[in-house]
Amino acid sequence: MAGMWFVLVLSGCVAIATLVPATDGAILRLTCETVNDKCLLKNIYATEDDRFKAIRNEGYQSVIEFFDCHIHTLPPIPYIGKVKADAINLVRIEENTFSTIRGLDVSYNRLREFSPKAFEYPSELLELNLSGNPTLKDFAFLSQLDHLTDLNMADMKLELELLDSGTFADMSYLTRLNMSDNRISSVPVGMFSSLTRLERLDLSRNSITRIAPGAFAIDLSYAYEEYGFFQQSLDFDLSYNNIGIIENHAFMHARRIDLRNNKLIGIGQYAFNNQTALRTLVLAGNVQLKNFDFLHNLPALHQLDMSRMNFTFEGVPRNVFDDLDSLTTLILSHNQITEVPIGIFAELQSLNFINLRHNKIKHIEFGTFSMRKYDLIDEIDLSYNDIKELNFLVFVPLKYLKTLLLHGNKISYINAKQLTRNKSLFNFGIQNSNVRCYDLVDLLGSLKLVLEPNEFISDLPNIDGIRCQP
(Lines give C-alpha, C1' and ligand atoms only; values in the text may rest on other atoms or scores of the structure.)
Protein backbone atom coordinates (compact mmCIF):
# COMPACT_ATOMS: atom_id res chain seq x y z
CA MET A 1 0.00 0.00 0.00
CA ALA A 2 2.89 2.36 0.65
CA GLY A 3 3.46 2.70 -3.07
CA MET A 4 -0.14 3.71 -3.85
CA TRP A 5 -1.27 7.35 -4.27
CA PHE A 6 -4.63 8.43 -2.97
CA VAL A 7 -6.18 11.91 -2.76
CA LEU A 8 -8.64 12.47 0.06
CA VAL A 9 -10.90 15.45 -0.63
CA LEU A 10 -13.10 16.39 2.30
CA SER A 11 -15.86 18.26 0.52
CA GLY A 12 -19.49 17.32 0.35
CA CYS A 13 -18.85 14.48 2.73
CA VAL A 14 -21.64 12.89 4.66
CA ALA A 15 -20.96 12.14 8.30
CA ILE A 16 -22.83 9.32 10.02
CA ALA A 17 -22.72 9.94 13.74
CA THR A 18 -23.26 7.44 16.49
CA LEU A 19 -23.97 9.39 19.66
CA VAL A 20 -22.43 8.47 22.98
CA PRO A 21 -22.77 10.22 26.35
CA ALA A 22 -22.14 13.99 26.08
CA THR A 23 -19.15 13.83 28.38
CA ASP A 24 -17.29 11.76 25.82
CA GLY A 25 -18.56 13.54 22.71
CA ALA A 26 -19.72 11.74 19.59
CA ILE A 27 -18.05 9.16 17.40
CA LEU A 28 -18.39 10.10 13.74
CA ARG A 29 -18.13 7.58 10.92
CA LEU A 30 -17.05 9.19 7.62
CA THR A 31 -18.00 7.59 4.33
CA CYS A 32 -16.61 8.83 1.00
CA GLU A 33 -18.86 10.32 -1.62
CA THR A 34 -17.07 9.80 -4.92
CA VAL A 35 -17.01 12.97 -6.99
CA ASN A 36 -14.68 13.32 -9.99
CA ASP A 37 -12.53 10.45 -8.74
CA LYS A 38 -12.16 12.11 -5.34
CA CYS A 39 -13.26 11.00 -1.93
CA LEU A 40 -15.42 13.94 -0.94
CA LEU A 41 -16.35 14.60 2.69
CA LYS A 42 -18.71 17.55 3.21
CA ASN A 43 -20.92 19.22 5.78
CA ILE A 44 -19.06 17.72 8.74
CA TYR A 45 -19.45 19.60 12.00
CA ALA A 46 -17.46 18.25 14.92
CA THR A 47 -16.70 19.71 18.33
CA GLU A 48 -13.49 19.53 20.34
CA ASP A 49 -14.75 16.37 22.07
CA ASP A 50 -15.94 14.49 18.99
CA ARG A 51 -13.88 11.62 17.63
CA PHE A 52 -13.76 9.89 14.26
CA LYS A 53 -13.58 6.38 12.95
CA ALA A 54 -11.20 5.76 10.07
CA ILE A 55 -12.48 7.07 6.75
CA ARG A 56 -14.07 4.40 4.55
CA ASN A 57 -12.48 4.81 1.13
CA GLU A 58 -13.87 1.79 -0.64
CA GLY A 59 -13.20 3.15 -4.14
CA TYR A 60 -9.53 3.80 -3.29
CA GLN A 61 -9.57 7.36 -4.59
CA SER A 62 -6.18 9.01 -4.35
CA VAL A 63 -7.52 12.39 -3.16
CA ILE A 64 -9.57 13.20 -0.08
CA GLU A 65 -11.12 16.66 0.13
CA PHE A 66 -13.01 18.26 3.02
CA PHE A 67 -15.58 20.82 1.89
CA ASP A 68 -17.84 23.10 3.94
CA CYS A 69 -16.74 21.45 7.16
CA HIS A 70 -16.06 22.69 10.67
CA ILE A 71 -13.80 20.34 12.60
CA HIS A 72 -11.09 20.80 15.21
CA THR A 73 -8.79 17.97 14.18
CA LEU A 74 -8.52 15.57 11.28
CA PRO A 75 -9.67 11.95 11.47
CA PRO A 76 -7.13 9.16 10.90
CA ILE A 77 -6.29 9.23 7.19
CA PRO A 78 -5.66 5.94 5.32
CA TYR A 79 -2.97 5.45 2.70
CA ILE A 80 -3.59 8.36 0.35
CA GLY A 81 -1.97 10.59 -2.26
CA LYS A 82 -3.32 13.97 -1.26
CA VAL A 83 -5.50 15.55 1.41
CA LYS A 84 -7.13 18.93 0.86
CA ALA A 85 -8.40 20.27 4.17
CA ASP A 86 -8.21 24.03 3.76
CA ALA A 87 -10.47 26.55 5.55
CA ILE A 88 -12.29 24.04 7.74
CA ASN A 89 -11.34 25.61 11.12
CA LEU A 90 -8.70 23.04 12.07
CA VAL A 91 -7.06 23.76 15.41
CA ARG A 92 -4.65 20.85 15.76
CA ILE A 93 -3.21 17.85 13.93
CA GLU A 94 -2.62 14.94 16.26
CA GLU A 95 -0.24 11.99 16.39
CA ASN A 96 -0.72 9.19 13.88
CA THR A 97 -3.09 11.16 11.66
CA PHE A 98 -1.39 10.17 8.39
CA SER A 99 0.11 6.96 7.05
CA THR A 100 1.54 7.40 3.56
CA ILE A 101 0.70 10.79 2.05
CA ARG A 102 2.30 12.81 -0.77
CA GLY A 103 0.49 16.15 -0.56
CA LEU A 104 -1.24 18.00 2.31
CA ASP A 105 -3.11 21.31 2.16
CA VAL A 106 -4.20 22.67 5.57
CA SER A 107 -4.08 26.33 4.59
CA TYR A 108 -6.27 29.04 6.11
CA ASN A 109 -7.25 27.23 9.25
CA ARG A 110 -6.69 28.06 12.93
CA LEU A 111 -3.85 25.64 13.58
CA ARG A 112 -2.14 25.94 16.94
CA GLU A 113 -0.64 22.47 17.24
CA PHE A 114 0.96 20.17 14.68
CA SER A 115 2.34 16.98 16.21
CA PRO A 116 5.88 15.97 15.14
CA LYS A 117 4.48 12.41 15.10
CA ALA A 118 1.54 13.22 12.81
CA PHE A 119 3.09 11.19 9.95
CA GLU A 120 3.82 7.48 10.11
CA TYR A 121 6.12 7.86 7.10
CA PRO A 122 7.17 11.56 7.10
CA SER A 123 9.64 11.09 4.25
CA GLU A 124 6.74 10.31 1.90
CA LEU A 125 5.35 13.86 2.10
CA LEU A 126 6.41 16.00 -0.88
CA GLU A 127 4.07 19.02 -0.79
CA LEU A 128 2.83 20.92 2.27
CA ASN A 129 0.69 24.08 2.34
CA LEU A 130 0.56 25.79 5.75
CA SER A 131 -0.29 29.29 4.52
CA GLY A 132 -2.82 31.38 6.37
CA ASN A 133 -2.27 29.85 9.83
CA PRO A 134 -1.01 32.82 11.89
CA THR A 135 -1.56 31.08 15.24
CA LEU A 136 0.89 28.27 14.46
CA LYS A 137 4.15 29.04 16.29
CA ASP A 138 5.82 25.66 16.89
CA PHE A 139 7.42 24.27 13.73
CA ALA A 140 9.34 21.35 15.23
CA PHE A 141 7.38 18.97 13.01
CA LEU A 142 9.07 20.38 9.89
CA SER A 143 12.40 18.80 10.78
CA GLN A 144 10.85 15.36 10.11
CA LEU A 145 9.84 16.23 6.54
CA ASP A 146 13.18 15.71 4.85
CA HIS A 147 11.79 14.94 1.36
CA LEU A 148 9.58 17.99 0.90
CA THR A 149 9.83 19.57 -2.55
CA ASP A 150 7.22 22.33 -2.10
CA LEU A 151 6.56 24.22 1.16
CA ASN A 152 4.12 27.13 1.43
CA MET A 153 4.34 29.25 4.60
CA ALA A 154 2.81 32.47 3.28
CA ASP A 155 0.50 34.82 5.18
CA MET A 156 1.29 33.45 8.66
CA LYS A 157 2.52 36.57 10.48
CA LEU A 158 5.80 34.70 10.55
CA GLU A 159 9.14 35.98 11.86
CA LEU A 160 12.22 33.93 11.09
CA GLU A 161 13.29 34.28 14.72
CA LEU A 162 10.47 31.85 15.51
CA LEU A 163 12.18 29.14 13.48
CA ASP A 164 15.05 27.06 14.73
CA SER A 165 18.18 27.73 12.70
CA GLY A 166 18.19 24.08 11.63
CA THR A 167 14.56 23.94 10.49
CA PHE A 168 15.54 23.50 6.85
CA ALA A 169 18.82 21.67 7.52
CA ASP A 170 17.69 18.31 6.11
CA MET A 171 15.44 19.59 3.30
CA SER A 172 17.89 18.89 0.52
CA TYR A 173 15.03 18.11 -1.91
CA LEU A 174 13.12 21.37 -1.45
CA THR A 175 12.70 23.27 -4.73
CA ARG A 176 10.02 25.85 -3.84
CA LEU A 177 9.68 27.78 -0.58
CA ASN A 178 7.03 30.49 -0.21
CA MET A 179 7.30 32.77 2.85
CA SER A 180 5.61 35.83 1.36
CA ASP A 181 3.19 38.16 3.16
CA ASN A 182 4.70 37.68 6.60
CA ARG A 183 6.50 39.82 9.20
CA ILE A 184 10.06 38.86 8.35
CA SER A 185 12.41 41.77 9.06
CA SER A 186 15.78 40.07 8.65
CA VAL A 187 17.27 36.96 7.07
CA PRO A 188 19.67 35.07 9.36
CA VAL A 189 22.86 34.07 7.58
CA GLY A 190 22.81 30.33 6.92
CA MET A 191 19.05 29.91 7.32
CA PHE A 192 18.66 28.71 3.72
CA SER A 193 22.20 27.47 3.00
CA SER A 194 21.26 23.77 3.07
CA LEU A 195 18.57 24.08 0.39
CA THR A 196 20.89 22.90 -2.34
CA ARG A 197 18.10 22.11 -4.85
CA LEU A 198 16.11 25.28 -4.34
CA GLU A 199 14.61 26.84 -7.49
CA ARG A 200 12.34 29.54 -6.07
CA LEU A 201 12.39 31.45 -2.77
CA ASP A 202 9.53 33.93 -2.30
CA LEU A 203 10.04 36.48 0.48
CA SER A 204 7.93 39.21 -1.09
CA ARG A 205 5.72 41.52 0.97
CA ASN A 206 7.66 41.30 4.19
CA SER A 207 9.58 43.92 6.21
CA ILE A 208 13.18 43.01 5.38
CA THR A 209 15.44 46.06 5.73
CA ARG A 210 18.93 44.77 4.99
CA ILE A 211 20.56 41.80 3.25
CA ALA A 212 23.78 40.80 4.96
CA PRO A 213 26.79 39.05 3.41
CA GLY A 214 25.99 35.37 2.89
CA ALA A 215 22.25 35.74 3.61
CA PHE A 216 21.45 34.02 0.32
CA ALA A 217 24.69 32.10 -0.18
CA ILE A 218 23.24 28.76 -1.28
CA ASP A 219 25.70 26.33 -2.82
CA LEU A 220 23.41 24.66 -5.34
CA SER A 221 24.12 21.03 -6.07
CA TYR A 222 22.95 21.34 -9.68
CA ALA A 223 24.81 24.53 -10.64
CA TYR A 224 27.42 23.97 -13.31
CA GLU A 225 29.84 26.17 -15.19
CA GLU A 226 29.41 26.73 -18.92
CA TYR A 227 31.00 29.38 -21.11
CA GLY A 228 32.51 30.95 -18.01
CA PHE A 229 29.18 31.36 -16.16
CA PHE A 230 27.41 29.18 -13.60
CA GLN A 231 24.09 27.90 -14.92
CA GLN A 232 21.22 27.43 -12.45
CA SER A 233 17.50 28.14 -12.07
CA LEU A 234 17.21 29.82 -8.67
CA ASP A 235 14.76 32.74 -8.48
CA PHE A 236 14.49 35.13 -5.53
CA ASP A 237 11.39 37.30 -5.05
CA LEU A 238 12.23 40.08 -2.58
CA SER A 239 9.76 42.61 -3.92
CA TYR A 240 7.69 44.88 -1.69
CA ASN A 241 9.98 44.88 1.33
CA ASN A 242 11.85 47.75 3.01
CA ILE A 243 15.32 46.75 1.84
CA GLY A 244 17.71 49.71 1.98
CA ILE A 245 21.12 48.03 1.77
CA ILE A 246 22.39 44.90 0.04
CA GLU A 247 25.89 44.15 1.22
CA ASN A 248 28.72 42.53 -0.72
CA HIS A 249 28.49 38.77 -1.33
CA ALA A 250 24.84 38.63 -0.27
CA PHE A 251 24.04 36.20 -3.09
CA MET A 252 26.00 33.22 -4.34
CA HIS A 253 23.82 31.72 -7.07
CA ALA A 254 20.76 33.26 -8.70
CA ARG A 255 19.06 33.32 -12.08
CA ARG A 256 16.51 36.02 -11.29
CA ILE A 257 16.25 38.53 -8.44
CA ASP A 258 13.16 40.72 -8.06
CA LEU A 259 13.80 43.77 -5.85
CA ARG A 260 10.99 45.98 -7.09
CA ASN A 261 9.36 48.46 -4.74
CA ASN A 262 11.90 48.45 -1.95
CA LYS A 263 13.78 51.40 -0.43
CA LEU A 264 17.21 50.72 -1.87
CA ILE A 265 19.86 53.36 -1.30
CA GLY A 266 22.91 51.16 -1.76
CA ILE A 267 23.94 47.87 -3.36
CA GLY A 268 27.46 46.62 -2.72
CA GLN A 269 29.68 46.54 -5.78
CA TYR A 270 30.13 42.80 -5.21
CA ALA A 271 26.66 42.08 -3.81
CA PHE A 272 26.16 39.52 -6.55
CA ASN A 273 29.05 37.09 -6.31
CA ASN A 274 30.92 36.29 -9.54
CA GLN A 275 29.37 32.80 -9.43
CA THR A 276 25.88 34.29 -9.44
CA ALA A 277 25.55 34.41 -13.24
CA LEU A 278 22.49 36.57 -12.70
CA ARG A 279 20.29 36.78 -15.82
CA THR A 280 17.37 38.99 -14.70
CA LEU A 281 17.49 41.86 -12.22
CA VAL A 282 14.38 43.90 -11.38
CA LEU A 283 15.04 47.22 -9.60
CA ALA A 284 11.78 48.97 -10.54
CA GLY A 285 10.32 51.38 -8.00
CA ASN A 286 13.51 52.06 -6.02
CA VAL A 287 13.47 55.84 -6.35
CA GLN A 288 16.42 56.53 -4.00
CA LEU A 289 19.00 54.31 -5.70
CA LYS A 290 21.62 56.47 -7.44
CA ASN A 291 24.84 54.43 -7.43
CA PHE A 292 25.03 51.66 -10.04
CA ASP A 293 28.64 50.46 -9.73
CA PHE A 294 27.38 46.91 -9.07
CA LEU A 295 26.30 46.69 -12.73
CA HIS A 296 29.93 46.34 -13.75
CA ASN A 297 30.02 42.88 -12.14
CA LEU A 298 27.06 41.34 -13.96
CA PRO A 299 28.50 40.09 -17.25
CA ALA A 300 25.80 37.38 -17.64
CA LEU A 301 22.83 39.72 -17.13
CA HIS A 302 20.19 39.43 -19.89
CA GLN A 303 17.36 41.61 -18.58
CA LEU A 304 17.57 44.78 -16.49
CA ASP A 305 14.43 46.59 -15.29
CA MET A 306 15.09 50.12 -13.99
CA SER A 307 11.59 51.51 -14.48
CA ARG A 308 9.77 53.86 -12.06
CA MET A 309 12.97 54.96 -10.32
CA ASN A 310 12.94 58.71 -11.02
CA PHE A 311 16.06 57.85 -12.98
CA THR A 312 17.89 60.38 -15.17
CA PHE A 313 21.26 60.22 -16.87
CA GLU A 314 22.39 63.42 -15.13
CA GLY A 315 25.37 62.64 -12.93
CA VAL A 316 25.46 59.02 -14.09
CA PRO A 317 28.84 57.88 -15.48
CA ARG A 318 28.88 57.40 -19.25
CA ASN A 319 30.14 53.83 -18.75
CA VAL A 320 27.29 52.76 -16.45
CA PHE A 321 26.21 49.96 -18.83
CA ASP A 322 29.57 49.21 -20.43
CA ASP A 323 30.21 45.80 -18.85
CA LEU A 324 26.78 44.31 -19.50
CA ASP A 325 28.01 42.24 -22.42
CA SER A 326 25.06 39.82 -22.39
CA LEU A 327 22.25 42.35 -21.87
CA THR A 328 19.39 41.88 -24.34
CA THR A 329 16.58 43.89 -22.67
CA LEU A 330 16.89 47.29 -20.97
CA ILE A 331 13.77 48.81 -19.40
CA LEU A 332 14.03 52.49 -18.43
CA SER A 333 10.34 53.39 -18.66
CA HIS A 334 8.37 55.72 -16.33
CA ASN A 335 11.40 57.77 -15.31
CA GLN A 336 12.54 61.39 -15.54
CA ILE A 337 14.91 61.07 -18.51
CA THR A 338 15.04 64.27 -20.54
CA GLU A 339 17.84 63.33 -22.92
CA VAL A 340 19.74 60.20 -23.81
CA PRO A 341 23.52 60.78 -23.93
CA ILE A 342 25.20 59.81 -27.19
CA GLY A 343 27.17 56.59 -26.69
CA ILE A 344 25.44 55.53 -23.47
CA PHE A 345 24.46 52.23 -25.14
CA ALA A 346 27.58 51.86 -27.28
CA GLU A 347 29.06 48.83 -25.45
CA LEU A 348 25.80 46.85 -25.21
CA GLN A 349 26.78 44.41 -27.91
CA SER A 350 23.85 42.01 -27.28
CA LEU A 351 21.07 44.56 -26.84
CA ASN A 352 17.77 43.76 -28.63
CA PHE A 353 15.14 45.89 -26.89
CA ILE A 354 15.23 49.37 -25.30
CA ASN A 355 12.14 50.61 -23.47
CA LEU A 356 12.17 54.37 -22.85
CA ARG A 357 8.42 55.02 -22.77
CA HIS A 358 6.87 57.48 -20.31
CA ASN A 359 9.88 59.76 -19.90
CA LYS A 360 10.47 63.43 -20.81
CA ILE A 361 12.71 63.00 -23.85
CA LYS A 362 12.43 65.86 -26.35
CA HIS A 363 15.11 65.02 -28.90
CA ILE A 364 16.95 62.01 -30.34
CA GLU A 365 20.39 62.74 -31.76
CA PHE A 366 22.32 60.82 -34.43
CA GLY A 367 24.39 58.09 -32.77
CA THR A 368 22.15 57.68 -29.74
CA PHE A 369 21.57 54.01 -30.52
CA SER A 370 24.85 53.22 -32.25
CA MET A 371 26.65 50.08 -31.07
CA ARG A 372 30.42 49.81 -31.02
CA LYS A 373 30.67 46.09 -31.84
CA TYR A 374 27.36 44.61 -32.94
CA ASP A 375 24.09 46.23 -33.93
CA LEU A 376 21.38 43.81 -32.80
CA ILE A 377 18.65 46.23 -31.70
CA ASP A 378 15.30 45.09 -33.12
CA GLU A 379 12.86 47.18 -31.01
CA ILE A 380 12.92 50.71 -29.60
CA ASP A 381 10.01 52.10 -27.59
CA LEU A 382 9.99 55.89 -27.22
CA SER A 383 6.25 56.20 -26.58
CA TYR A 384 4.80 58.92 -24.33
CA ASN A 385 7.69 61.33 -24.31
CA ASP A 386 7.80 65.01 -25.33
CA ILE A 387 9.13 64.56 -28.88
CA LYS A 388 7.73 67.15 -31.30
CA GLU A 389 10.09 66.74 -34.25
CA LEU A 390 12.17 63.77 -35.24
CA ASN A 391 14.65 63.17 -38.03
CA PHE A 392 13.83 59.55 -38.90
CA LEU A 393 17.23 59.11 -40.55
CA VAL A 394 18.51 58.65 -36.98
CA PHE A 395 17.26 55.05 -37.16
CA VAL A 396 18.54 54.15 -40.64
CA PRO A 397 21.92 52.77 -39.41
CA LEU A 398 20.06 50.22 -37.25
CA LYS A 399 20.02 47.47 -39.84
CA TYR A 400 18.09 44.97 -37.67
CA LEU A 401 15.48 47.37 -36.29
CA LYS A 402 12.04 45.79 -36.80
CA THR A 403 9.80 47.77 -34.41
CA LEU A 404 9.76 51.49 -33.63
CA LEU A 405 7.10 52.76 -31.23
CA LEU A 406 6.39 56.48 -30.88
CA HIS A 407 2.87 56.44 -29.43
CA GLY A 408 1.73 59.45 -27.43
CA ASN A 409 4.32 61.98 -28.52
CA LYS A 410 3.68 65.42 -30.03
CA ILE A 411 4.85 64.54 -33.51
CA SER A 412 2.73 66.19 -36.22
CA TYR A 413 4.72 65.24 -39.32
CA ILE A 414 6.22 61.97 -40.54
CA ASN A 415 8.68 61.96 -43.40
CA ALA A 416 7.78 58.62 -44.98
CA LYS A 417 10.81 58.65 -47.27
CA GLN A 418 13.17 58.99 -44.32
CA LEU A 419 11.40 56.36 -42.23
CA THR A 420 11.20 53.73 -44.95
CA ARG A 421 14.88 54.01 -45.82
CA ASN A 422 15.41 51.56 -42.99
CA LYS A 423 14.72 48.36 -44.95
CA SER A 424 14.45 46.14 -41.85
CA LEU A 425 11.70 48.22 -40.20
CA PHE A 426 8.37 46.39 -40.19
CA ASN A 427 6.25 47.66 -37.24
CA PHE A 428 5.60 51.34 -36.59
CA GLY A 429 3.49 52.78 -33.74
CA ILE A 430 2.25 56.38 -33.75
CA GLN A 431 -1.11 56.25 -31.94
CA ASN A 432 -2.26 59.11 -29.67
CA SER A 433 -0.23 61.69 -31.60
CA ASN A 434 -0.99 64.71 -33.81
CA VAL A 435 0.13 63.05 -37.03
CA ARG A 436 -1.63 63.83 -40.33
CA CYS A 437 -3.77 61.18 -41.99
CA TYR A 438 -2.05 61.39 -45.36
CA ASP A 439 1.32 60.79 -43.70
CA LEU A 440 -0.02 57.48 -42.44
CA VAL A 441 -1.41 56.64 -45.89
CA ASP A 442 2.10 57.04 -47.30
CA LEU A 443 3.30 54.38 -44.85
CA LEU A 444 0.66 51.75 -45.52
CA GLY A 445 2.47 50.12 -48.39
CA SER A 446 5.74 49.76 -46.51
CA LEU A 447 5.01 49.29 -42.80
CA LYS A 448 2.54 47.66 -40.44
CA LEU A 449 0.90 50.32 -38.28
CA VAL A 450 0.57 48.86 -34.78
CA LEU A 451 -1.94 50.02 -32.19
CA GLU A 452 -1.79 50.35 -28.45
CA PRO A 453 -3.86 47.58 -26.78
CA ASN A 454 -7.62 48.30 -26.71
CA GLU A 455 -7.26 51.70 -28.38
CA PHE A 456 -8.76 51.13 -31.81
CA ILE A 457 -10.41 54.40 -32.97
CA SER A 458 -13.58 54.15 -35.05
CA ASP A 459 -15.61 57.31 -34.30
CA LEU A 460 -12.95 59.88 -35.28
CA PRO A 461 -10.73 60.47 -38.33
CA ASN A 462 -8.36 57.50 -38.46
CA ILE A 463 -6.19 55.22 -40.57
CA ASP A 464 -6.48 51.56 -39.62
CA GLY A 465 -7.90 52.59 -36.21
CA ILE A 466 -5.13 55.13 -35.54
CA ARG A 467 -6.48 58.62 -34.90
CA CYS A 468 -5.00 61.28 -37.18
CA GLN A 469 -5.48 64.87 -38.30
CA PRO A 470 -7.42 65.29 -41.60
Side-chain angles (χ1 to χ4, degrees), residues 6-33 35 38-57 61 63-80 82-101 103-122 125 127-145 151-159 162-163 182:
F6 299 97
V7 176
L8 179 57
V9 178
L10 301 182
S11 144
C13 36
V14 178
I16 301 175
T18 302
L19 296 178
V20 295
T23 54
D24 297 324
I27 298 177
L28 303 180
R29 179 183 300 159
L30 306 178
T31 303
C32 287
E33 177 183 326
V35 177
K38 298 177 182 178
C39 169
L40 191 61
L41 301 171
K42 65 183 179 183
N43 303 324
I44 302 173
Y45 298 90
T47 69
E48 183 82 18
D49 297 320
D50 292 333
R51 293 294 179 265
F52 303 95
K53 287 190 174 182
I55 296 170
R56 294 178 60 187
N57 186 14
Q61 287 79 20
V63 178
I64 295 176
E65 181 177 343
F66 291 85
F67 177 76
D68 197 18
C69 297
H70 189 293
I71 57 180
H72 280 74
T73 190
L74 290 175
I77 305 293
Y79 291 96
I80 204 71
K82 182 177 181 180
V83 172
K84 192 174 189 301
D86 58 314
I88 60 172
N89 289 293
L90 282 176
V91 173
R92 65 179 183 273
I93 294 178
E94 299 177 336
E95 292 184 17
N96 304 316
T97 298
F98 306 100
S99 295
T100 293
I101 182 173
L104 175 61
D105 182 353
V106 287
S107 59
Y108 294 94
N109 282 292
R110 298 183 294 128
L111 283 174
R112 290 183 172 85
E113 301 175 31
F114 200 126
S115 173
K117 297 181 180 180
F119 303 94
E120 183 179 359
Y121 301 104
L125 188 66
E127 300 177 3
L128 175 60
N129 189 348
L130 296 169
S131 61
N133 284 285
T135 53
L136 186 60
K137 303 301 180 184
D138 186 352
F139 297 95
F141 65 94
L142 288 176
S143 62
Q144 307 293 318
L145 308 177
L151 176 59
N152 191 336
M153 300 176 70
D155 196 15
M156 296 181 67
K157 297 183 179 178
L158 184 68
E159 302 173 32
L162 295 173
L163 298 180
N182 281 300

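All values below come from the heavy atoms of this structure, side chains included, with hydrogens, waters and symmetry mates left out.
Every residue two or more places apart in sequence or in another chain that forms a side-chain contact (heavy atoms from CB on, under 4.5 Å) with Q144 is listed here: P122. Applying the ring-ring contact (aromatic ring centres under 6.0 Å, His included) rule to F52 yields no partners; only residues at least two apart in sequence or on another chain are considered. Checked against side-chain hydrogen bond (donor to acceptor under 3.5 Å, both in side chains), D155 has the following partners two or more places apart in sequence or in another chain: Y108. Partners of T73 by side-chain contact (heavy atoms from CB on, under 4.5 Å), not counting sequence neighbours, listed by chain and number: R92, E94. Every residue two or more places apart in sequence or in another chain that forms a salt bridge (Lys or Arg N to Asp or Glu O under 4.0 Å) with D86 is listed here: K84. For N129, the side-chain hydrogen bond (donor to acceptor under 3.5 Å, both in side chains) criterion is met by S131, not counting sequence neighbours. Partners of K157 by side-chain contact (heavy atoms from CB on, under 4.5 Å), not counting sequence neighbours, listed by chain and number: P134, R183. Judged as a ring-ring contact (aromatic ring centres under 6.0 Å, His included), and not counting sequence neighbours, F139 has no contacts. N89 is linked by a side-chain contact (heavy atoms from CB on, under 4.5 Å) to H70, R110, counting only residues two or more places apart in sequence or in another chain. Residues satisfying the side-chain hydrogen bond (donor to acceptor under 3.5 Å, both in side chains) criterion with S107, sequence neighbours excluded, are D105. In this structure, R112 has no side-chain hydrogen bond (donor to acceptor under 3.5 Å, both in side chains) partners at least two apart in sequence or on a different chain.
Distance NZ/K117 to CG/N96: 8.5 Å, rounded to 0.5 Å. N43 CG to D68 CG: the interatomic distance, rounded to the nearest 0.5 Å, is 5.0 Å. The structure places CG of L142 at 10.0 Å from CG of L125, a figure rounded to the nearest 0.5 Å. For the atom pair CG (L136) and CE (M156), the distance works out to 4.5 Å, reported to the nearest 0.5 Å. The distance from atom CG of L90 to atom CD of E113, rounded to the nearest 0.5 Å, is 12.0 Å. Atom-to-atom distance recorded for D49:CG and I27:CD1 is 12.5 Å, nearest 0.5 angstrom.
Across all non-hydrogen atoms, the minimal contact from H72 to A46 is ND1-O, 3.5 Å.
Of the possible polar contacts, one joining the N133 side chain to the V106 backbone as a donor-acceptor pair under 3.5 Å is found.
The closest side-chain heavy-atom distance from F119 to L104 is below 4.5 Å. Side-chain contact between L74 and I88 is present, with at least one heavy-atom pair separated by less than 4.5 Å. Residues I93 and F141 form no side-chain contact, since every pair of their non-hydrogen atoms from C-beta on lies 4.5 Å or further apart.
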